[in-house]
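Below, read A as the first sequence line, B as the second, and so on, with proteins coming before strands; counting in each chain starts at 1.
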Amino acid sequence: MEIKSLVQVGEYEWEIPRSGQMRVPARIFASRELLEEMDEKVREQLSNVATLPGIVGAALAMPDAHWGYGFPIGGVAAFDPAEGGIISVGGVGYDISCGVRTLLTGLKKEQIEPVLETLIEALFVTIPAGVGSEGKIKLSPTQLDEVLVGGARWAVEKGYGLPEDLDYIEENGSLPGADPACVSMEAKKRQYRQIGTLGSGNHYLEVQYVAQIYDHQVARAFGLAEDDVIISIHCGSRALGHQIATDYLRVLSGASRKYGIPIREKELVCAPIDSPEGQRYYKAMACGVNCALANRQVISHLVREVFAEVVPEANIRVLYDVSHNTCKIEEHEVAGRRRRLYVHRKGSTRAFGPGRPELPQAYRKVGQPVIIGGTMGTCSYILVGTTEGTTKAFGSACHGAGRAMSRHAAKKRWRGSDVIQHLARQGIVVRAKSMRGVAEEAPLAYKDVSKVVEATHLAGLAKKVAMVKPLGVIKG
DNA sequence: ATGTTC
């Protein structure tokens, strides 16, 4: 991105001044290096977002921002319904509530190493992965509706997990406001057999160990110590979320015209929050969120079953479950006034600092765990939300590395089997459904997650707590 | 991301 047209407002904070139809400025949180590499499209898309009715403060981009449909991936925007604020499909993304859940195991690295191959193999055969993958759970239409309202709470009630798991999931496992009547039959049909499945693309389940602690006090509050074995599950709402997005892209396209909101990009369509179309999208999107929360809960249950078999001394607890493709109703103080806002985070993790009532008691004094997944074979990070980030960015941080190379280019550059061999030489066990998928997800096709996390940390959006490294991974 | 371009 051309830096000279930006105004530097902090060492890691840059502003696109208001111009043309922009109602507010746009702000990008990044190091100079990441900003230079950043897609020029991010500037254009952020400026478009800044023109939307009812936007509050500024249109924001995280250090891992890159081009997306309508909104950039790594984008954050909050809208006030009382001021004609809108809700947008492009502000959430296709994979509604895609996110990461991290589980603690109570095990040390040395305990797992002798059984690592067996463990990864058992996880691979137990947890369905890959395009169109289906699980053992088959839901009736009534049961699916219960999932879409209940989320992880539904899963726990059905025996897939423990009641205390719910305390460590954003929204306590269930986003209010979901209405299955707003979800098409087409979307529901695609989900009957997809509960508790991993999916494909950049989704994965990784067995990791804590390689480095940066903040010992917060790490203690999170229950993390060096060499601890943890599990991270990265997946979303599968075909259902995708279908909801597809359906409502059409609905909101009509709504944009109906309410006279200029369409600057096909996927930037939106509707006023208080319109029937806007409310229907919110209620459907909440179903997508609950689907993803139920998914990660059922997968956690399968992980527990595998560990009970392979490493029975494990005690699996949920560290936290974060979503990075959502629109949520949150209270924020803006210019001294508390306001109820619809906060869109697309490729951005909620990162609430200390004191927020949404956080479980165990984390309320320190802030929420902010789980940042790397890509296959690279390290990942656990950060903690800050008061500064809650003020500056509605409590938001980056979500991961972000692609540096297209899927197509990656496939031409690498062979899946070579990527797996390369990782094996580093002692990382990989089991995958698709070699083509592995090539697309080659570590070098992604930006350096460490640089993204460093910029997030230095910008004050969230603070580094721990770095984790992979031992084994299963992929679609 | 996605029954990977209905």
* Any residue of residues 186-195 of chain A with a heavy atom less than 4.0 Å from an atom of DNA chain B -> A:Glu186, A:Arg190, A:Gln194

* Quickly work out the A:Tyr94 OH to B:dG3 C1' distance and round it to whole Å. => 16 Å

* Does A:Arg356 come within less than 4.0 Å of A:Glu358, counting only side-chain N to carboxylate O? -> yes

* Asked: Is there a side-chain contact between A:His234 and A:Cys98, using heavy atoms and a 4.5 Å cut-off?
  -> yes

* **Integer-rounded Å distance: B:dT4 P and A:Gln243 CD** => 12 Å

* Structure fact -> From NE2 of A:His242 across to P of B:dG3 the rounded distance in Å is 7 Å

Using distance only, find each side-chain donor-acceptor pair of residues 71-78 of chain A under 3.5 Å and give its atom names and separation, not counting sequence neighbours.
none

* Rounded to whole angstroms, how far apart are CE on A:Met185 and C1' on B:dG3? -> 16 Å

* Under the side chain to side chain contact (heavy atoms under 4.5 Å, CB included) rule, collect the residues that match up with A:Val306, sequence neighbours excluded. => A:Leu119, A:Ala122, A:Leu123, A:Thr126, A:Val310

Side-chain donor-acceptor pairs of residues 279-295 of chain A under 3.5 Å, sequence neighbours excluded:
from: A:Gln279; atom 1: NE2; to: A:Ile273; atom 2: O; distance (Å): 2.8
from: A:Asn290; atom 1: OD1; to: A:Leu175; atom 2: N; distance (Å): 2.7
from: A:Asn290; atom 1: ND2; to: A:Leu148; atom 2: O; distance (Å): 2.9
from: A:Asn290; atom 1: ND2; to: A:Val149; atom 2: O; distance (Å): 3.3
from: A:Asn290; atom 1: ND2; to: A:Leu175; atom 2: O; distance (Å): 3.2
from: A:Asn290; atom 1: ND2; to: A:Ala286; atom 2: O; distance (Å): 3.4
from: A:Asn295; atom 1: OD1; to: A:Gly196; atom 2: N; distance (Å): 2.6
from: A:Asn295; atom 1: ND2; to: A:Gly236; atom 2: O; distance (Å): 2.9

* Please work out if A:Gly236 contacts a base, only the sugar-phosphate, or nothing of the nucleic acid, heavy-atom cut-off 4.0 Å. => nothing

* Phosphate contact (B:dT2 OP1 or OP2) by A:Ser200 side-chain N/O below 4.0 Å -> yes

* In whole Å, what is the span from the OH atom of A:Tyr248 to the P atom of B:dT2? -> 21 Å

* To do: Would you indicate what A:Arg238 reaches in the nucleic acid, counting non-hydrogen atoms under 4.0 angstrom: base, sugar-phosphate, or nothing?
  => sugar-phosphate

* salt bridge (charged side-chain N to carboxylate O under 4.0 Å, His left out) contacts in which one or both residues fall within residues 433-458 of chain A, not counting sequence neighbours -> A:Glu33-A:Lys451, A:Arg403-A:Glu441, A:Arg407-A:Glu440, A:Arg407-A:Glu441, A:Lys411-A:Glu440, A:Glu454-A:Lys464

* **Length of the line joining A:Glu267:CD and B:dT2:C1', which is rounded to integer Å** => 14 Å

* To do: Go through the structure and list residues passing side chain to side chain donor-acceptor pair (under 3.5 Å) with A:Glu134, not counting sequence neighbours.
  => none

* To do: Take atom NZ of A:Lys411 and atom C1' of B:dT4, then tell me their distance rounded to the nearest Å.
  => 8 Å

* **Closest-nucleotide 5' rank along DNA chain B - winner of A:Arg407 and A:Val131** => A:Arg407

* Write down the distance between CG (A:Leu249) and C1' (B:dC6), rounded to a whole number of angstrom. => 14 Å

